[in-house]
There are 2 protein chains.
Amino acid sequence: MSKSDSTRAQRIKTKSLERREQKKLKLREEILSAATELFLEHGYEKFSLRQVAEEIGYSPTSIYLHFKNKEELLFMTTLEGFRNFGQMLQTAYEATNEPFERIISIGRAYVKFALEYPVHYRLMFMQDSDFIYKQLPDCDGSIIDSFAILQKAISEALEAKVIHGQDELLLPTLIWAYVHGIASLAISLPEISKEHAYDMLELNKVILISGLKTS
Amino acid sequence: MSKSDSTRAQRIKTKSLERREQKKLKLREEILSAATELFLEHGYEKFSLRQVAEEIGYSPTSIYLHFKNKEELLFMTTLEGFRNFGQMLQTAYEATNEPFERIISIGRAYVKFALEYPVHYRLMFMQDSDFIYKQLPDCDGSIIDSFAILQKAISEALEAKVIHGQDELLLPTLIWAYVHGIASLAISLPEISKEHAYDMLELNKVILISGLKTS
DNA sequence: TATTATACTTAACACTGTTATTTTTGTCAA
DNA sequence: TTGACAAAAATAACAGTGTTAAGTATAATA
């Protein structure tokens, strides 16, 4: 057999493999999108693999060819939420140059995300931590960066002496706790409306101005 | 038959009924304590009625003679936690007469409870709200009072003009969000230690002094 | 066309909460 | 003490769950 034959055969083989892999990837995406839909609709508690399988028209065991188990599927489902989250915070960071206003901007974006994607937020920061931390090693670093943005903004505000404080880690974590508290309380308790949450955020800003700002 | 006979028969009947009811109540308590133990040990996710049944040596269906369903049993299990919680806040309230210090004291007690009883706290304020709110009508008012204590302390601080602010509801809810944020973040994320949480609480106090206090 | 790897399904296991039905137990009056 | 009756408890069953091992089609390769 000639050299060109050999390469053609090789090309066909490669293309074939590629086609099959894309088909597999397509099914994976189908599972993922069905899972996301069902998860957002029915929530964490009622989310089931068998229901996802029924939705896409495959047997439940087929899902295991694409995901290790239910936990991983659910995690991959929220990964999109994580990316959205990071992007929203980044945009909020870039929205202004004034260091203090930046922190406020990030906080607002944080709460906005939580209230717009409560099901995702719940899974990300309110559910059992194991859930996230067990899978973190296997995925890109699009998660930890979220906190890093806030931390950076606060560091810069400290350096610019716009706010006062000493600890590099304690203050970011505390401010994180502030917005997380507002967000998660609003998600958990029905009597706290979105407006109420945003009002709290506004009052929080006033307090932080007196409590943190130098000027 | 004489009158005394009649009353004796009645007395026996009453006593008998009483005895049976106490026996029933005792089993109920047995279920409750086994449930609490298993719940605290294995957490919400792994808690199962059948395991409780096995623990007490009865068939699973027997539990339904004492509790409407799993949800109610779990709720009754946390009721004790709620009572502890309310009492801790009340004690914290009474610990000092200085209005601002009172708020700080309550906040500290709040976080302390959350860190000491994380499983209870999770069920109380981090789990699906429906869980609590569906059962609230059927039980005594030992729950709502928890927030009332904080609200009262803040109202008094406002009246005494020790702190400034206007809204009667917004500020208490925000301060609740502060402590809840610190507590729930510490519970959810393994990298936040108890000491870290208490340090945050301390820094929070410093900020609140500048941000809220008048003097 | 036969072989072999891949995709997929079936069947099964060990669980779950919950309900209807049946059995056991204990109490009461005759 | 026996028979009727009510309460307590157990069995069996239903409809689900996640997950694994084993089997069957399907499609690619030699």
Side-chain angles (χ1 to χ4, degrees), chain A residues 1 5-31 35 38-39 42-77 128 131 134, chain B residues 1 5-6 8-31 34-35 38-39 42-77 128 131 134:
Chain A
M1 49 176 97
D5 269 353
S6 165
T7 47
R8 163 172 290 167
Q10 229 167 17
R11 280 203 301 270
I12 290 176
K13 195 177 171 183
T14 310
K15 260 288 177 85
S16 168
L17 211 104
E18 204 178 286
R19 203 186 59 228
R20 260 182 300 157
E21 269 177 6
Q22 276 205 355
K23 199 180 167 188
K24 188 167 182 175
L25 220 93
K26 201 185 151 202
L27 179 52
R28 195 193 130 100
E29 286 304 315
E30 215 175 317
I31 295 172
L38 287 172
F39 170 59
H42 298 116
Y44 177 81
E45 307 273 321
K46 305 231 161 188
F47 175 79
S48 95
L49 281 187
R50 292 180 123 102
Q51 208 171 338
V52 174
E54 196 183 337
E55 186 70 27
I56 58 169
Y58 281 81
S59 77
T61 45
S62 289
I63 296 175
Y64 287 87
L65 299 170
H66 302 268
F67 301 93
K68 216 183 77 195
N69 51 25
K70 186 190 180 184
E71 225 180 14
E72 189 181 282
L73 173 56
L74 216 44
F75 177 74
M76 291 305 171
T77 287
D128 198 4
F131 179 76
K134 266 198 286 186
Chain B
M1 50 176 93
D5 270 353
S6 165
R8 164 173 288 167
Q10 228 167 18
R11 279 201 303 270
I12 291 175
K13 198 177 172 183
T14 309
K15 259 288 176 85
S16 169
L17 211 104
E18 204 177 288
R19 202 184 62 228
R20 261 181 299 157
E21 268 175 7
Q22 277 206 352
K23 199 180 168 188
K24 188 168 183 177
L25 221 93
K26 200 187 155 200
L27 178 51
R28 196 193 131 99
E29 286 304 316
E30 215 176 318
I31 295 171
L38 287 172
F39 170 59
H42 297 115
Y44 177 81
E45 308 274 320
K46 306 230 162 190
F47 175 80
S48 95
L49 281 187
R50 291 179 123 101
Q51 208 171 337
V52 174
E54 196 182 338
E55 186 70 27
I56 59 169
Y58 281 81
S59 77
T61 45
S62 289
I63 296 176
Y64 287 86
L65 299 171
H66 301 269
F67 301 92
K68 214 182 81 195
N69 50 24
K70 186 190 180 185
E71 225 180 13
E72 189 181 283
L73 173 57
L74 216 44
F75 177 73
M76 292 304 171
T77 286
D128 198 5
F131 179 76
K134 268 199 285 187

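By convention in this document, chain letters (A, B, ...) are assigned in the order of the sequence lines, proteins followed by strands, and residues within each chain are numbered from 1.
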Which whole-number value in Å describes the distance from [X] [atom1] to [N] [atom2]?
X: B/L73; N: C/dG17; atom1: CG; atom2: P; answer: 10 Å
X: A/Y64; N: D/dA22; atom1: OH; atom2: P; answer: 17 Å
X: B/E30; N: D/dA9; atom1: CD; atom2: P; answer: 10 Å
X: A/E45; N: D/dT17; atom1: CD; atom2: P; answer: 14 Å
X: A/K70; N: D/dG16; atom1: NZ; atom2: P; answer: 15 Å
X: A/F47; N: C/dT16; atom1: CZ; atom2: P; answer: 21 Å
X: A/R28; N: C/dA7; atom1: CZ; atom2: C1'; answer: 17 Å
X: A/N69; N: D/dT17; atom1: CG; atom2: P; answer: 16 Å

Is there a side-chain contact (heavy atoms from CB on, under 4.5 Å) between B/F47 and B/V52? Walk through the geometry before answering.
CA-CA 8 Å; B/F47 175 80; B/V52 174; 3.7 Å; yes
Any residue meeting side chain to side chain contact (heavy atoms under 4.5 Å, CB included) with A/T61, in chain and number order, not counting sequence neighbours:
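Partners of A/T61 under the side chain to side chain contact (heavy atoms under 4.5 Å, CB included) test: A/S59.
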Under the side chain to side chain contact (heavy atoms under 4.5 Å, CB included) rule, collect the residues that match up with A/E54, sequence neighbours excluded.
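A/E54 satisfies side chain to side chain contact (heavy atoms under 4.5 Å, CB included) with no other residue.
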Look at all strands and tell whether [X] reaches a base, only sugar-phosphate, or nothing, counting heavy atoms closer than 4.0 Å.
X: B/S59; result: base
X: B/S62; result: sugar-phosphate
X: B/L65; result: base
X: B/I63; result: nothing

Distance from [X] atom [atom1] to [Y] atom [atom2], nearest 0.5 Å?
X: A/E45; Y: B/Y44; atom1: CD; atom2: OH; result: 4.0 Å
X: B/H66; Y: B/L73; atom1: NE2; atom2: CG; result: 11.0 Å
X: A/T77; Y: A/K70; atom1: OG1; atom2: NZ; result: 11.5 Å
X: A/I31; Y: A/I63; atom1: CD1; atom2: CD1; result: 5.5 Å
X: B/F39; Y: B/K46; atom1: CZ; atom2: NZ; result: 14.5 Å

Which nucleotide, [options], lies nearest any side-chain atom of [X]?
X: A/R20; options: D/dA28, C/dG17, D/dT19; answer: D/dA28
X: B/T61; options: D/dG18, C/dT18, D/dA10; answer: D/dA10
X: A/L27; options: C/dT18, C/dC8, C/dA7; answer: C/dC8

Any A/R19 side-chain nitrogen or oxygen under 4.0 Å from OP1 or OP2 of D/dA27:
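Answer no for this pair, as no side-chain N or O of A/R19 is under 4.0 Å from OP1 or OP2.
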Can you check whether A/K24 has a side-chain N or O nearer than 4.0 Å to OP1 or OP2 of C/dA7?
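It does, given that an N or O in the side chain of A/K24 lies less than 4.0 Å from OP1 or OP2 of C/dA7.
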Taking five pairs at each end of the helix from C/dT1-D/dA30 to C/dA30-D/dT1, what angle separates the two helix axes (nearest 10°)?
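About 30°, once rounded to a multiple of 10°.
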Each nucleotide N or O in nucleotides 3-5 of chain C that has a protein N or O under 3.5 Å away: list the pair and distance.
none

Under 4.0 Å, heavy atom to any atom of DNA chain C: which of residues 50-58 of chain B qualify?
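Listed by number, they are B/R50.
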Residues that B/S48 engages under side-chain hydrogen bond (donor to acceptor under 3.5 Å, both in side chains), provided they are two or more places apart:
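Residues passing side-chain hydrogen bond (donor to acceptor under 3.5 Å, both in side chains) with B/S48: none at all.
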Under 3.5 Å, which donor-acceptor pairs link side chains of residues 19-30 of chain A to any protein atom two or more places apart or in another chain?
none

